[in-house]
Amino acid sequence: MNASCAFIRWKVMSMAGRFAVSVTRASSYEEQEVYKALMDALKMIDEPLKTDLPEMLFKVNLLAPKSPENCVTTHPSLVKALMKFARSRGFLGKIVVADSPGHLYADRKEELLTLTGMYDAVKGDDNAMATVLSDLGFVTLERPENFVLKNPRLSKRYFDAPYVVNVAKLKTHAETEITACIKNCFGIADTDTRKKAHLSVSIERLCNAIIDLYLANPPKLNILDGIYAMEGNGPTHGKPRFAGLLMASENALALDFVAAKAMGYRNPLSIPLLKLAAKRGIGPSSMNDIDILGVNPEDLEIKGFIKSSSSLRMLPTWLRGWTHRWVALRPTLQKATCIKCGVCAKVCPKGAIKMDPFPEIDRGSCVKCLCCHEMCPTGAMEVSENLVMKLLRA
Ligand code: SF4
Ligand code: SF4
């Protein structure tokens, strides 16, 4: 589809207030199968890939140096399929595959890109590279219109990219409940900016900060790797779960709505991140604004999918910001699996953890951001409900 056709279609969709999300199925990460699922998904949304640019950035999810079977990161088979597809449509420019890992892995680039399979994914294409988003430094933006991050520092590589394809992973998240396309854009900021987003007990503040970052350079195309998803308390220590789904859309929020449906949320607007994004007008305001292509919406749900155990889910969205302090999940140490590495203390944005020799959490300073849980290499920093929530459930 040429640029003017794409523009007219976008205009018509916007005027009609409708958004398209295509869904295809794959039974494994076997390369031919992933390629076919991707091709079918992109065809259904009229292949919105722009091919006359000098460079394209695939913003993958590389949260930690883990092998693909752990389901923490975007699978390399999908990256390979997308590269092959772009080349088959005549894209001759440079392809850059990149993300920022959690900041304690920032100096472990080689390990990150080797273990996640990204170096292998770009092998054989002379005009493609895998890297980290910090490799060209950062730019500071003046964004008075932002809700939380007025001066975010963003990856220069990401901010300058003429065309970003968001290649996200379908996972649960102990704090934001799901992580799919919008949350995947959190990784474009530097460590200090991400820490600022986590500085408050307010879930609303964190979600609005994520949306601020998403809006800095919204991806033109969004693809979600849900062939194997993560269930339970993601995004690092949940359990891999076969879901067999691949999704694509020009609109990240529309895709996240459909992803939430697949995870078993009857109403995606019960997820604060999606509700706030809808309020800020970055996509559909309800499922009624979305055309799901390729599957019967009734057959979308992943049967028995285990959501994150966030207690906040029990409350109406409007109450969550106020009550976060009392009911949010909190980090709890399991000494038996703790290796006393101190990573949790390093990542804590509030300096609430002291090592002695095991981590000790100052509950008064802790804002329950769960960064320590997310980054703990052994899963020793678990999450649990606090007393108030346990009493309410009893
Ligand atoms: S809880 Fe995890 S991150 Fe913290 S010291 Fe123990 S093993 Fe390291
Ligand atoms: S102790 Fe953990 S949950 Fe609490 S503020 Fe620090 S990183 Fe966040």
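Note that this is a predicted model, so its numbers are computed, not measured. As the structure lists them, so they are numbered: ligands from 1, and atoms in each ligand from 1. Nothing fancy with the numbering, it's 1 onward along the sequence.
- In terms of protein heavy atoms, atom 2 (Fe) of ligand 2 is closest to C372 SG, 2.3 Å.
- The contact set between ligand 1 and P377, taken as ligand atoms under 4.0 Å from a residue heavy atom, comprises 3 (S).
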Decide salt bridge (Lys or Arg N to Asp or Glu O under 4.0 Å) for D362 and K354; before the verdict, give the C-alpha distance in whole Å, the side-chain angles of both, and the deciding distance to 0.1 Å.
CA-CA 8 Å; D362 172 3; K354 298 273 174 295; over 6 Å; no

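- The protein heavy atom nearest to atom 6 (Fe) of ligand 2 is C348 SG, 2.3 Å.
- Which parts of ligand 2 touch I353 is read off a 4.0 Å heavy-atom cut-off, strictly below it: atoms 1 (S).
- Closest to atom 4 (Fe) of ligand 1, if we only count protein heavy atoms, is C344 SG, 2.4 Å.
- Nearest protein heavy-atom contact of atom 3 (S) of ligand 2 is L370 N, 3.2 Å.
- Interface atoms of ligand 2 facing P331, defined by a heavy-atom separation under 4.0 Å, are 2 (Fe), 3 (S).
- Taking 2.8 Å as the criterion, C369 does not count as a coordinating residue of atom 4 (Fe) of ligand 2, since none of its N, O or S atoms falls below it.
- Of the protein's non-hydrogen atoms, C341 SG, 2.3 Å is the one closest to atom 8 (Fe) of ligand 1.
- Nearest to atom 7 (S) of ligand 1 among the protein's heavy atoms is I339 N, 3.4 Å.
- Here is the list of ligand 1 atoms found below 4.0 Å of a heavy atom in C338: 1 (S), 5 (S), 6 (Fe), 7 (S).
- Applying the 4.0 Å criterion to heavy atoms of L333 picks out, from ligand 1, the atoms 1 (S).
- By the 4.0 Å heavy-atom criterion, M355 is counted among the residues contacting ligand 1.
- When only non-hydrogen protein atoms are considered, atom 5 (S) of ligand 2 lies nearest to V367 N, 3.4 Å.
- Heavy-atom separations between G379 and ligand 1 are all 4.0 Å or longer.
- Those atoms of ligand 1 with a heavy atom of G342 less than 4.0 angstrom away are 5 (S), 8 (Fe).
- F186 has its ring centre no less than 6.0 Å from the ring centre of H173.
- Residue L115 comes nearest to P68 through the heavy atom pair O-CD, 3.5 Å, listed as atom of the first residue, atom of the second, then distance.
- Counting atoms of ligand 1 from 1 in the listed order, those under 4.0 Å from a heavy atom of T378 are 7 (S).
- Counting heavy-atom neighbours within 6.0 Å of D126 CG, excluding the residue itself, gives a total of 12 or less.
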